[in-house]
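These notes concern the structure reproduced below.
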Amino acid sequence: MAKATEQKKNSITVGETKLDIRDVVTTTYDGDNRHGGRRNDVAMVVLRAMCMALSAVSLLLMVTARETSMTTLYGFEFQLHAVWSLSDSLIYLVVVTSATVIYSLLQLVLSGTRLMRKTLVVPTRTQAWFCFVADHILGCAMVSGGSAALGVTNMNRTGIRHMPLPNFCKSLGFFCDHLAISVVFALFAFLLLAASSILDVLRLSGDC
């Protein structure tokens with residue numbers, strides 16, 4: 001009799017625990033849907049995909065930026081050999097875009113998998129904080145790298161003030177065009193990282 005009573009109490013306790021868990025899960029998803037969490041999850045996946053694509057294009061354009069040509073300076077003809085690896089600023093941008101591509105790809109795979117399973121893309125506040133910090137750091141690195149590379153590109157086109165240096169981009173048009181387009185894509189990738197950070201902040205604030 002004592003055993004039967006104890007088993008009945010245990011079954012009631014287990015049933016209550018299961019009910020509580022269902023209530024918590026249901027509340028979480030109801031609140032998430034009410035605040036448009038599903039839309040924000042889709043937006044986050046789209047941002048990750050676009051950021052990865054733009055960063056990959058920027059990286060591809062930069063690493064293929066190389067050209068050899070001839071130019072005339074002070075009446076003498078010189079051979080010009082331009083390659084991205086000769087500039088520290090361009091190397092920095094390549095490193096940053098590579099890190100962004102890898103990070104965005106990992107986030108895209110993880111987020112896309114969760115989205116297809118119809119679960120939260122960012123299930124915990126700890127992961128939301130991690131995404132926010134990572135997006136912020138990579139965004140700052142991307143805009144600084146793009147700005148540094150933009151300075152190199154501009155100097156190649158205009159030369160150095162008060163010095164009779166030619167416009168090297170007249171002879172190295174392919175190289176300069178690749179640099180310029182790569183920087184533009186990198187800056188667009190920065191904007192996408194900034195947008196991802198905003199979604200992270202909204203999630204942390206409990207608005208989505």
Side-chain angles (χ1 to χ4, degrees), residues 13-64 92-150 180-208:
T13 303
V14 172
E16 290 177 351
T17 303
K18 287 182 178 179
L19 180 61
D20 291 341
I21 293 174
R22 286 197 298 269
D23 290 342
V24 170
V25 173
T26 303
T27 303
T28 301
Y29 277 96
D30 287 345
D32 185 69
N33 290 330
R34 186 164 56 249
H35 292 293
R38 180 72 175 177
R39 292 193 302 271
N40 286 303
D41 284 349
V42 173
M44 180 65 77
V45 172
V46 172
L47 287 175
R48 297 299 185 196
M50 292 177 63
C51 184
M52 185 196 68
L54 292 180
S55 300
V57 172
S58 175
L59 178 62
L60 180 62
L61 289 170
M62 185 61 70
V63 297
T64 56
Y92 174 65
L93 183 59
V94 167
V95 172
V96 172
T97 51
S98 300
T100 303
V101 169
I102 295 172
Y103 168 75
S104 299
L105 177 60
L106 292 176
Q107 287 288 352
L108 178 61
V109 171
L110 187 62
S111 302
T113 302
R114 288 173 176 168
L115 188 65
M116 288 188 294
R117 292 177 179 174
K118 297 184 179 180
T119 59
L120 293 175
V121 169
V122 184
T124 64
R125 288 181 63 85
T126 301
Q127 186 173 341
W129 272 110
F130 171 79
C131 291
F132 170 73
V133 172
D135 290 336
H136 185 72
I137 291 175
L138 285 175
C140 291
M142 185 71 79
V143 73
S144 64
S147 300
L150 187 62
I181 300 174
S182 175
V183 170
V184 170
F185 275 95
L187 294 178
F188 274 121
F190 155 72
L191 294 178
L192 294 174
L193 287 170
S196 298
S197 296
I198 293 174
L199 289 182
D200 295 331
V201 171
L202 292 176
R203 191 174 298 280
L204 286 170
S205 65
D207 292 336
C208 66

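Model, not experiment: these values are computed from the prediction.
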- Under 3.5 Å: donor-acceptor pair, side chain of S55, backbone of M52: no
- Query: Are any non-hydrogen side-chain atoms of M62 and L93 less than 4.5 angstrom apart?
  - Reply: yes
- Query: Which value, rounded to the nearest 0.5 Å, describes the distance between D200 atom CG and F130 atom CZ?
  - Reply: 10.5 Å
- Item | Distance, nearest 0.5 Å, that separates CD of Q107 from SG of C131 | 4.0 Å
- Any sub-3.5 Å donor-acceptor pair from S205's side-chain atoms to L202's backbone N or O? yes
- When you look at CZ of F185, are more than 12 heavy atoms from neighbouring residues, nucleotides or ligands closer to it than 6.0 Å? no
- Item | Atom pair CG (L204) and OG1 (T126), whose distance is rounded to the nearest 0.5 Å | 9.5 Å
- Please work out whether the ring planes of H136 and F132 are parallel, tilted or perpendicular, with thresholds of 30° and 60°. parallel
- To the nearest 0.5 Å, atom CZ of R203 lies from atom CH2 of W129 at 14.0 Å
- Query: Just by modelled atom types, is the A141 backbone N or O under 3.5 Å from a matching donor or acceptor in the S144 side chain?
  - Reply: yes
- Task: First locate atom OG of S182, then atom CG of L60, and finally report the distance between them rounded to the nearest 0.5 Å.
- Result: 9.0 Å
- Query: Between S58 (side chain) and L54 (backbone), is there a donor-acceptor pair under 3.5 Å?
  - Reply: no
- Heavy-atom nearest pair, A149 first then V183, reads CB-CG2, 3.6 Å
- Task: Might you point out which heavy atoms bring L61 and T64 nearest each other, and give the distance in Å?
- Result: O-OG1, 3.2 Å
- Atom pair CG (L120) and CG (L115), whose distance is rounded to the nearest 0.5 Å: 10.5 Å
- More than 12 heavy atoms of other groups within 6.0 Å of Y92 OH: yes
- Message: Can you tell me which residue among L108, L193, L192 is in a side chain to side chain contact (heavy atoms under 4.5 Å, CB included) with L47?
- Response: L192
- Query: Should the pair K118-D41 be classified as a salt bridge under the 4.0 Å nitrogen-to-oxygen rule?
  - Reply: no
- Message: For the backbone of V121 and the side chain of R114, can you confirm whether one donor and one acceptor N or O come within less than 3.5 Å of each other?
- Response: yes
- Cationic N near anionic O, under 4.0 Å, R48 to D135: yes
- Note on the structure: Correct closest heavy-atom pair for L138 and A99 would be CD2-CB, 4.2 Å
